[in-house]
Amino acid sequence: MIGRLNHVAIVVPDLEAASKTYATTLGAQVTAPVDLPDHGVTTVFVELPNTKIELLHPLGEGSPIAKFLENNASGGMHHVCYEVDDILAARDKLVSEGARILGDGEPKTGAHGKPVLFLHPKDFCGTLVELEQV
Ligand code: CO
């Protein structure tokens, strides 16, 4: 069901410093920061030949990643995102397998303007999983 790894998301305490680490130290191509107020995050994408790294920093009050940063002051891996062809079919299969979908179970528009869902980390080896329809 799942296809390519779309991205790995890393929450960072300092987006500018993290961008510089990836651009200069690691020599990767990084995008300019983009604010996503609906998601409560600012994102920078690191473009790799086979996937992307999504650097995330909290934006505004009540950001969904604020707590994560409180618990992981130097940042850390937040989620992995797998591509699926049909997100509703994927959701229905997962629910039938007993997996838990976060939120109300309906796809939201993600950072790339595509429908996404998040799956409960306890059902997936302790890792928050995002599914994105491509
Ligand atoms: Co993501």
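Positions are given from 1, in the same order as the sequence printed here. Numbering of ligands and ligand atoms starts at 1, following listing order. Since the structure is predicted, the reported quantities are computational estimates derived from the model, not experimental observations.
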task = Sort out for me which residue in Leu102, Leu119, Val80 forms a side chain to side chain contact (heavy atoms under 4.5 Å, CB included) with Leu128.
result = Leu102
remark   = The single option from Ile65, Val41, Asn71 that satisfies side chain to side chain contact (heavy atoms under 4.5 Å, CB included) with Val11 is Ile65
inquiry  = Atom NZ of residue position Lys108 - does it have more than 12 heavy atoms of other residues, nucleotides or ligands inside 6.0 Å?
reply    = yes
Heavy-atom neighbours of Glu16 CD exceed 12 at 6.0 Å = no
message = Tell me whether the Co ion (ligand 1) has His7 as a neighbour, meaning an N, O or S atom of it below 2.8 Å.
response = yes
task = Looking at Glu130, pick out the N, O or S atom nearest to the Co ion (ligand 1) and give its name.
result = OE1
key: Vertex the Co ion (ligand 1), rays to NE2 in His79 and OE1 in Glu54 - rounded to 10°   = 90°
